[in-house]
Novice: 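Can you read through this structure? Questions will come right after.
Residue numbers start at 1 and run along the sequence shown.
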Amino acid sequence: MVNLIWALLAVTGIVFAAFNGTMEEVNKAIFSTLDEAVMITLSLTGVLVFWLGLMKIAEAAGLLEGLAKLFRPIVKRIFPDIPDNDPALGYILSNMTANMFGLGNAATPMGLKAMKELKRLSGTEEASRSMITFLAINTSSLTLIPTTVIAIRMKYGSVDPTSIVGATIMATIISTLAALMIDRLFYYKRKRTLKI
């Protein structure tokens, strides 16, 4: 569906430019942004490699395991439907840890595996309570170090690229709490409706 929307937007823009006589500006915009996109991707690759390497060292040192143990009681309360020691909990904790370090690209494969395990637990094709909660948390994702944003700010010559860390922590705490409250509100509302 998203691909269809993007294709529709692109075709509409090109057709409008063709009738409006601004195809030259469209071509310039396309090729200048392509160069910029490639450069940003390359510069982010370095930062991502650095942080993924750091995550690997943290994993080998037992730091990730420690974080997982620290957050396990909280995650168990958020996902009461998941049995103890189920692989889904491990994937959820890994996904949350990667998101905390602002590593969205590293978090995605673990998030997909977590969803697969949650679907296995639900045993149906419909989204379970845990799947919806996980999606809400993953989307709002508490972030302690916004690695990607810091890298972009460094790329564009920011004087203090890490100055957004405090604001990011505050904003993502609020977004995660809001996502959890909305998730719970709709869950209990649906539960009450089904009882009636």
Novice: Among the clusters formed by ILVMFWY side chains lying less than 4.5 Å apart, do I173 and L70 turn up in the same one?
Specialist: yes

Novice: Are V165 and P146 close enough that some pair of their side-chain heavy atoms sits under 4.5 Å apart?
Specialist: yes

Novice: Linking Ile, Leu, Val, Met, Phe, Trp and Tyr by side-chain heavy atoms under 4.5 Å, what else ends up with L8?
Specialist: none

Novice: Calculate, to the nearest 0.5 Å, the distance between atoms CZ and OH belonging to R192 and Y188 respectively.
Specialist: 10.5 Å

Novice: I'd like to check T133 versus I78 (side-chain heavy atoms, cut-off strictly below 4.5 Å). Are they in contact?
Specialist: yes

Novice: Does a side-chain heavy-atom distance below 4.5 Å link V149 with T168?
Specialist: no

Novice: Could you walk me through whether L142 and M96 pass side-chain contact (heavy atoms from CB on, under 4.5 Å), step by step?
Specialist: CA-CA 8 Å; L142 173 65; M96 288 173 74; over 6 Å; no

Novice: Rounded to the nearest 0.5 Å, what separation is found between the OG atom of S175 and the CG atom of L180?
Specialist: 10.0 Å

Novice: So do the side chains of N95 and Y91 get within less than 4.5 Å of each other, counting heavy atoms only?
Specialist: no

Novice: Starting at CZ of R190, measure out to OG1 of T193 and round the result to the nearest 0.5 Å.
Specialist: 9.0 Å

Novice: Determine the minimum heavy-atom distance between F134 and G111, stating which atoms define it.
Specialist: CE2-O, 3.6 Å

Novice: For the OG1 atom of T97 and the CD1 atom of I92, what is their distance to the nearest 0.5 Å?
Specialist: 11.5 Å

Novice: Restricting to side chain to side chain contact (heavy atoms under 4.5 Å, CB included), what partner residues turn up for F16, sequence neighbours left out?
Specialist: N20

Novice: What are the two closest non-hydrogen atoms of P161 and R153, and how far apart are they?
Specialist: O-NE, 3.1 Å

Novice: Step by step, work out the side-chain contact (heavy atoms from CB on, under 4.5 Å) result for N99 and I137.
Specialist: CA-CA 10 Å; N99 274 330; I137 289 176; over 6 Å; no

Novice: Below 4.5 Å, heavy atoms only, C-beta onward: do M23 and I14 meet side chain to side chain?
Specialist: yes

Novice: Do the side chains of M131 and I182 join up, straight or via other hydrophobic residues, at under 4.5 Å, putting them in one cluster?
Specialist: no

Novice: Quick one: list whatever passes salt bridge (charged side-chain N to carboxylate O under 4.0 Å, His left out) with K189, sequence neighbours left out.
Specialist: none

Novice: Going from CZ on F71 to CE on M100, what distance comes out if it is rounded to the nearest 0.5 angstrom?
Specialist: 3.5 Å

Novice: Looking at F186, I want to see if its CZ is surrounded by more than 12 non-hydrogen atoms of other residues, nucleotides or ligands under 6.0 Å.
Specialist: no

Novice: Kindly compute the distance separating CG (L135) from OG (S130), expressed to the nearest 0.5 Å.
Specialist: 12.5 Å

Novice: Verify the cluster assignment for I74 and M181: are they in a single hydrophobic cluster under the rule of side-chain heavy atoms below 4.5 Å apart?
Specialist: no

Novice: Are D81 and L121 side-chain neighbours, meaning at least one heavy-atom pair lies under 4.5 Å?
Specialist: no

Novice: Counting C-beta onward and ignoring hydrogens, is there a side-chain heavy-atom pair between P87 and K113 closer than 4.5 Å?
Specialist: no

Novice: Can you find a heavy atom in the side chain of I169 that is under 4.5 Å from one in the side chain of I145?
Specialist: no

Novice: Under 3.5 Å, is there a donor-acceptor pair linking the side chains of S122 and R129?
Specialist: no

Novice: Closest heavy-atom contact between M110 and S94?
Specialist: SD-CB, 3.0 Å

Novice: Would you say I132 ends up clustered with L185 if hydrophobic residues are merged whenever their side chains have heavy atoms under 4.5 Å apart, either directly or through other cluster members?
Specialist: no

Novice: List for me each residue that meets salt bridge (charged side-chain N to carboxylate O under 4.0 Å, His left out) alongside E126, sequence neighbours excluded, and say none if there are none.
Specialist: none

Novice: Going by salt bridge (Lys or Arg N to Asp or Glu O under 4.0 Å), name the pairs with one or both residues in residues 116-125, residues two or more places apart or in two chains.
Specialist: D86-R120, E117-R120, K119-E125

Novice: Report the residues that fulfil side chain to side chain contact (heavy atoms under 4.5 Å, CB included) with I174, sequence neighbours left out, ordered by chain and then residue number.
Specialist: M170

